[in-house]
There are 2 protein chains.
Amino acid sequence: MKRSPHEIKYSEGTLRMARFAKALGHPVRIEILKFLAEQSCCFTGDLVEIFPLAQSTVSQHLKELYEAGLIRGKIEPPRVRYCIHEENWKKARDLFADFFQKQELG
Amino acid sequence: MKRSPHEIKYSEGTLRMARFAKALGHPVRIEILKFLAEQSCCFTGDLVEIFPLAQSTVSQHLKELYEAGLIRGKIEPPRVRYCIHEENWKKARDLFADFFQKQELG
DNA sequence: ATCTATCATCGCAAATAAACGATAATCTTT
DNA sequence: AAAGATTATCGTTTATTTGCGATGATAGAT
């Protein structure tokens, strides 16, 4: 994109929420999170079996979720166990809940 | 992207939520929605004054929000009044609430 | 009929995202 | 030391997003 001359200054909450939302902006990532929430945890390979996607693609989606802070990864060689990042999960839940509640008052 | 041979089949709720989330995936769109939720409605020009973005850019963000179903637009020549799409707003609120609640049970 | 105001759309450029196969990294087991 | 299993990362391709200025569309006002 053609960058703007002056960066816009956003609140911490807005940036945080946009980050979470962006990670949730792909159906496969929502499905991964749903699966994780049910199983509590799983390995990368489990997801590769479930979704008709290349292993590298699944890994990349996991990276997105990880960098957004929605999941944790624990190395258990040679595998990696991914779980919901509960603290940030609650943070996200609260951010979205507060956000969507705003209109209700009016 | 290099397209997959077979499309993945997602549930309606997942697709709907991903669509909403994608629209919320940019800080400026979150700010616009916050503003709309406070004001209940506003014109495009109001937003152009608030945000240091070109008019065409603001218009494009509004289009995104509109196509995601989060806002309504009512033509009041020569202006357009945008408001929260209350029905879909509630739909989104419920989708995100249900989604984030899943982990709480475990 | 022309002018003005407001907004959308077009066309462009740069950046990011999404998918893949191939390769590298890591730790266990042999 | 070598082999296996699992996953991350790299490099590439195509698609989408983000931003801008310029142009087009629409309806009220002159």
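Lettering of chains follows the sequences in order, A, B, ..., and the numbering in each one begins at 1.
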Nucleotides 7-11 of chain D: which of its N/O atoms have a protein N/O under 3.5 Å away?
{"residue": "dT7(D)", "atom": "OP1", "partner": "Thr44(A)", "partner atom": "N", "Å": "3.4"}
{"residue": "dT7(D)", "atom": "OP2", "partner": "Gly45(A)", "partner atom": "N", "Å": "2.9"}
{"residue": "dA8(D)", "atom": "OP1", "partner": "Tyr82(A)", "partner atom": "OH", "Å": "2.1"}
{"residue": "dA8(D)", "atom": "OP2", "partner": "Ser59(A)", "partner atom": "OG", "Å": "2.6"}
{"residue": "dA8(D)", "atom": "N7", "partner": "Gln55(A)", "partner atom": "NE2", "Å": "3.0"}
{"residue": "dA8(D)", "atom": "N6", "partner": "Gln55(A)", "partner atom": "OE1", "Å": "3.1"}

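In this structure, the CZ atom of Arg19(B) is 13 Å from the C1' atom of dT17(D), given to the nearest Å. Look at CD1 on Ile75(B): it is 11 Å from C1' on dA25(D), rounded to the nearest Å. The CD1-P distance, from Ile32(A) to dA19(C), rounds to 10 Å in whole Å. When the C1' atom of dT18(D) is taken as reference, atom OH of Tyr10(A) falls 11 Å away, rounded to whole Å. Spacing between atom CD of Glu49(B) and atom C1' of dC7(C) amounts to 14 Å, rounded to whole angstrom units.
Counting only distance, with no hydrogens or angles, the side chain of Arg81(B) and the backbone of Lys74(B) share no donor-acceptor pair below 3.5 Å.
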Subject >> ring-ring contact (aromatic ring centres under 6.0 Å, His included) assessment of Trp89(A) paired with Phe20(A) >> reply: CA-CA 9 Å; Trp89(A) 187 268; Phe20(A) 286 139; 9.2 Å; no
Original post:
Do Tyr82(A) and Phe43(A) pass the ring-ring contact (aromatic ring centres under 6.0 Å, His included) test, and can you show the C-alpha distance, the side-chain angles, and the key distance before you say yes or no?
Top reply: CA-CA 6 Å; Tyr82(A) 284 103; Phe43(A) 300 109; 9.2 Å; no
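Between His26(B) and dG19(D), a side-chain N or O to OP1/OP2 separation shorter than 4.0 Å is present.
A side-chain N or O of Asn88(A) and one of Arg16(A) form a donor-acceptor pair less than 3.5 Å apart. Defined by atom type and a distance below 3.5 Å, a donor-acceptor pair is present between the side-chain atoms of Thr14(B) and Glu31(A).
Residues passing the disulfide (SG to SG under 2.5 Å) test with Cys83(B), sequence neighbours excluded: Cys41(B).
For Lys22(B), taking side-chain heavy atoms from C-beta onward, the closest of the listed nucleotides dG19(D), dA19(C), dT16(D) is dT16(D).
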